[in-house]
Amino acid sequence: MNEHQFDNANALVCNRNEDLDRQKGKNRKTVSTEKVLTVEELHVSFKTFGGEVQALRGVSFELYKGETLAIVGESGCGKSVTANTIMGLIPQPPGRIKNGKVLFKGKDLTKLSKAGLRKIQGVDISMIFQDPMTALNPTLQIGEQLTEGYRTHHKVSKANAREKAIEMLELVGIPNPEERLKQYPHQFSGGMRQRIVIAIALICEPELLIADEPTTALDVTIQAQILELFNEIQEKTGVSIILITHDLGVVAKIADRIAVMYAGKVIEIGEKREIFYTPQHPYTKGLLNSVPRLDLKEEELQPIEGTPPDLFAPPVGCPFTARCPFAMDVCDRVYPETTHLTKNHAVNCWLQDERAKLVFT
Amino acid sequence: MTQPALLSVIELKRYFDVGRGDQLKAVDGISFDIYKGETFGLVGESGCGKSTAGRTILGLYNKTDGEVLYDGQSVHDMTSKERRHFLKRMQMIFQDPYASLNPRSTVYEIITEPMQIHGLYKTKKEMRNRVNELLEDVGLSGDHANRYPHEFSGGQRQRIGIARSLALDPEFIIADEPISALDVSVQAQVVKLLQRLQREKGLTYLFIAHDLSMVKYISDRIGVMYLGHMVELTTSAQLYEKPLHPYTEALLSAIPIPDPDIEELRERILLQGELPSPINPPSGCVFRTRCPYAMQVCAELKPKWLEKESGHFVACHLHDEKVMARNDTIVVPELSQ
């Protein structure tokens, strides 16, 4: 009996090693240069009783085919507003897209009519929300929720849609899909519900998947399962993913590139290793130093003192000035130009300026 | 540690009636000691009973069975006078800084309420001075006393909650997920604050959280809970270097590390399935339904709480030599409980 157990344990270890090799190969993938999405100088504001909140103040980035771009930042930095703007989910009013473009397949999504948007939402671009408990309709069988979008966009028979739904449930790893189709959301656990939400998002085979904090509401062991699923799905379908999160551990695991946002602007963007190992912006460095690491023994946490600026009246210069240990006079007055350090790594910080070297010698 | 424990939790149980005669076993027999001046971390995933344990220890919930001894005195068998005195010594910080402060009270009113209940200060001036002192202790200023909670950010509100918990000068603080509602950079600020206060005032903490990396950072010793049971307890360094329980191992491996190279090379143990219902928990070892090493004996026998090394406790048959040595245990039905 004991020997038997050892065999099992060995099999487990072997499986794990295979997984590991596959993962390694995957993480070193070369990202294609074909652009799926281009966001240019996006400005979005919301009217409130207290005045106008300038949620996005010039956000630009590109997304390539088959890659995962993580957008990280603290609450209120505009990462969710960015996602909602791309998806066309900004309620207008009170929101207003004041400036900028979201280019997808040659079309500017910010200029499309409602009907035009509907042809893209859920078909070419779909979205996964944070809370799987509220993203599903509690009164509908999950089979209906899965096929609703597919039948609307593809004009197929119920039987065909059902087949597709079963295929999707298998893809996201839900056992007994035939029976599960007839069940209601409350009959599923949190992790299973998130799998269903992912299946719904993928059923029309979108080119772009936006995931807004997809694992924040889940426990770590379940989070690990879902992150694994994202990797598998991207491998199988080649979908491009925009992942919005505040968890740098999650980012280290599944992102290819990272955009760091602060007070409605992208302050640094680059490949995963560039951001983690050679961060240039003091805010990026501060963020990396303020998370405790499980693998280090004696470490000192270095919190970033202070709080982000008020977006009712954002500063003209660099918004991080008030919290920045390297702030100079110019930082408060003029917003820094973008400095391109490598092909993919760009940062907005006055410290990159030649003249800053004279100050810090 | 030779000194007597400040807090002893002995076989504590807390069940909730959920109708139809069913009981939800939120905490099902946990035992541990906390010594003066240390930080004890209690971790586990949602629904493991860690918050219920914290609230039962403070006496916010009645116990179902077992004992909580604070300084030798049972927390649940106190007269109201004794309890009043006890609450001066033990206080709590709550998770949600938005829900735990009364929006209609000023910061001054929030912080002085416990002082007034206990009649600590005779004059208004003394009280005002004390409030200023407390606010400065937590990194705010006396000017903030006349403002309302909505004027503060999440991190600042949590500081107000901490100031309130310090108002009675307690020696023991239960912090129930004090940072999980805050942003990453602010989390570090609050944890640093808690550490500084501990040094300055000699506080003892019971730190409840689901974020194992933060718990490891702040705690001296850590207890890991799963479905109402304590599965492992040891020092925080030992827990990471030499986890004994398969659940601890899986939990540690599931936490992503913010370092791409390390993250890529890590072995990950993916647990299958999800948490079973605490209304009808599995027989024997509660973790066996998700355990990669589950044996038949795990379904039949509840694992013993064993001290494998000095101060390193674990509840798992894999580490029970007596069970592992007996080949027949696996098929002996009369041992099932």
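Small disclaimer: the values here were computed from a predicted structure and weren't measured. In what follows, every chain begins at residue 1, and chains take the letters A, B, ... in the order their sequences are listed.
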Under 4.5 Å from a heavy atom of chain B, the part of [X] involved:
X: A/Gln225; answer: both
X: A/Val220; answer: both
X: A/Thr307; answer: side chain

Given heavy-atom pairs under 4.5 angstrom as the criterion, report whether the side chain, backbone, both or neither of [X] touches chain A.
X: B/Glu241; result: side chain
X: B/Ser153; result: side chain
X: B/Leu182; result: neither

*With no hydrogens and no angle check, is any side-chain donor or acceptor of A/Glu268 less than 3.5 Å from a backbone partner on A/Gln280?*
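Looks like yes, one N/O pair under 3.5 Å.
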*asked:* On the six-membered ring of A/Phe188, is A/Arg180 placed so that its NZ or CZ lies under 6.0 angstrom from the centre and within 45° of the ring axis?
replied: yes
*Smallest separation among heavy atoms of B/Gln187 and B/Ile179, with atom names*: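 Heavy-atom minimum between the residues: NE2-O, 3.0 Å.
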*asked:* Minimum heavy-atom separation for B/Val215 and B/Gly41, please, with both atom names.
replied: CG1-CA, 3.9 Å
*Begin from the C-alpha positions of B/Arg268 and B/Glu263 and carry the test salt bridge (charged side-chain N to carboxylate O under 4.0 Å, His left out) through to its verdict.*
CA-CA 9 Å; B/Arg268 179 154 277 134; B/Glu263 192 53 40; 2.8 Å; yes
_Can you tell me which of A/Met192, A/Glu305, A/Arg293, A/Gln302 forms the most heavy-atom pairs within a distance under 4.5 Å of chain B?_
A/Arg293
_Residues which pass salt bridge (Lys or Arg N to Asp or Glu O under 4.0 Å) with A/Glu179, listed by chain and number, not counting sequence neighbours_ = none
*Test salt bridge (Lys or Arg N to Asp or Glu O under 4.0 Å) applied to B/Asp320 - qualifying residues, sequence neighbours left out*: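 Salt bridge (Lys or Arg N to Asp or Glu O under 4.0 Å) check on B/Asp320 returns nothing, list empty.
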_Top contributor to chain A contacts, counting heavy-atom pairs under 4.5 Å, from B/Val184, B/Ile255, B/Asp259, B/Leu251_ = B/Asp259
*Given the options B/Pro258, B/Ala188, B/Ala250, which has more heavy-atom pairs under 4.5 Å with chain A than any of the others?*
B/Pro258
